[in-house]
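Written out below as structure tokens is the structure these notes cover.
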Amino acid sequence: MDLSRSAEWSALVSHHHDIEKTAISDLFRTEQDRNIRFSVSSPGIHLDYSKNRITARTMELLLDLARSTGLEKKRRQMFGGEVINFTERRSVLHTALRRPPGYSMVIDGDDVSAEVSSVLDQMKSFCGKVISGEWRGYSGKRMTDVVNIGIGGSDLGPYMVTEALKPFAHGSLRVHFVSNIDGSHLAETLRGLKPETTLFIVASKTFTTQETLTNAMSARDWFLTGAVDRAHVASHFVAVSTNRKQVEEFGIDAENMFRFWDWVGGRYSLWSAIGLSIALYLGFDRFSELLAGANAMDEHFQNAPFEENMPVIMAMLGIWYNNFLDARSHAIIPYDQYLHRFPAYLQQLDMESNGKRVDRVGRETDYATGPVIWGEPGTNAQHAFFQLLHQGPGIVPADFIVALKTQNPIGPHHDMLVANCFAQTEALMCGKSEAEARAELEAAGYEGLELRMLLPHKVFPGNRPTNTIVLDELNPFILGSLIALYEHKVFVQGVVWDINSFDQWGVELGKQLAKVILPELDAGKAIGSHDASTNALINRYREFKASQPLKGDPQLSMFD
Ligand code: F6P
């Protein structure tokens, strides 16, 4: 289908011309029920999308566009396990990981539901043993610290969730995350930990990721500085992977491996055994609540009519701004410190999924696809980049996320947090006109040249769109739903843009080139096989290394 030449697309282009000059705040003046009409709820989550540059007609046209792309069918194909990730020849079935017990699904002769529940049972039993202290380390002590070693989807989801749900942790285990190949990440994480009470989870779908395997090997060296006997690795290292052979080659007992399947994409894997660190930190029951929350959103996404379907609405609003109002980025502003890793998590979810420039038949698209996703928690963000949101050129649509109930009711803090969240969306929408700014300056005693000089700097154009997502509380169930909401939003956008949201070939080239450069850093002679810049950078580093006095094994000296 030629998306940008379709009747539905053209209708949106001309509709945009019609309402280009309409201010959101004017629409509020004429539509008394606007906030009701443009709000939708699912269990624990309320989305108010009334502060967007839309009319009822805009939504109608956007939903027409969604329908015209076969969204309903593609949604059925995903949930039904069809091979929609066609460049990797895989189904996309992360939703099967959070189905309640008792359903049945067979894919390629494999009983998916039985496999999922058997791994969940294994996780439950393991978590029970580690949390209760039945699982002992080599010196007979119980585990106090869990270190998850993984990167990308094997890190961002579990890290974000454990940070978000800190108040729900049972408190008998600390959890740490090591992802970066920068040795400082591992060194700083291990400082203060003891090998005899530390459990490592090596989390890697492929078990071939350079960063994860190198960090795991260095962690094992550190562990052996205390444990000495390699046989003790068995009670301190477990693996989560689809690749049993590589796990065994690494030296982890297959008994201590938690499997998942190639129909779970890395960035959609926190619901699988990749969530083991979450289950250990919160307890298995809390992990189950997270899954139940995601399942509730899956149900909503599958069953709610498009007009009331939260992921569809958010996706189509994103398309409205990206494709018809030229907004190339989207900000995520959680007014919740516990969600401080949520924007980083969404960056992978969204940008690795929809950062594609060719459509499903391989043609370069003549329309924009995945936007840049970015953000930070409020109120910090207000004192950092909100200047650009309010007065910068162009618009940056933003999602504001806030919980009604705080986990830490200290004095006026939560009221102040909430007031700032609501005030910012109001300010972004209303702005401050030249007349209002002038009146303020005059009231402050400015006049003449000075007033005229200051005036343009004091004007806020307004009409800047936001969604407000109000959570009843940031608890495991609602967080599960919130994450699934964004997963499905990304799915819908990928369908409309006609791209494959489930591969990630774009991460490969840099990995390949790093493998070429790595041995060159120790080459005896100058490197000249790259472009002049890359050669010079490599040679500069080679020369620096050569100038350093020889040390012992750098691997071990890190842990001296
Ligand atoms: O490099 C990107 C990526 O492949 C992500 O898609 C994935 O989440 C991450 O690396 C980690 O991969 P793995 O779990 O196989 O180590």
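Both ligands and their constituent atoms are indexed starting at 1 by order of listing. Just so you know, these numbers use all the heavy atoms, side chains as well, and skip hydrogens, waters and symmetry mates.
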Quick one, Leu120 and Leu291 - any side-chain contact, counting heavy atoms below 4.5 Å? yes
side-chain hydrogen bond (donor to acceptor under 3.5 Å, both in side chains) filter on Arg99, not counting sequence neighbours, yields none
Using a strict cut-off of less than 4.0 Å between a Lys/Arg side-chain nitrogen and an Asp/Glu carboxylate oxygen, indicate whether Glu88 and Lys205 qualify as a salt bridge. no
Under the salt bridge (charged side-chain N to carboxylate O under 4.0 Å, His left out) rule, what do Arg267 and Glu352 come out as? Steps first, then yes or no, please. CA-CA 8 Å; Arg267 50 193 175 276; Glu352 201 170 79; 2.8 Å; yes
May I ask you to establish whether Arg341 and Phe177 are in a cation-pi arrangement, using a distance under 6.0 Å from NZ or CZ to the six-membered ring centre and at most 45° from the ring axis? no
Please determine if Glu248 and Lys245 form a salt bridge, counting it only when a charged side-chain N lies under 4.0 Å from a carboxylate O. no
Give the residues near ligand 1 by chain and number, with the criterion being a heavy-atom distance under 4.0 Å. Ile151, Gly152, Gly153, Ser154, Ser204, Lys205, Thr206, Thr209, Gly266, Gln348, Glu352, Gln504, Val507, Lys511
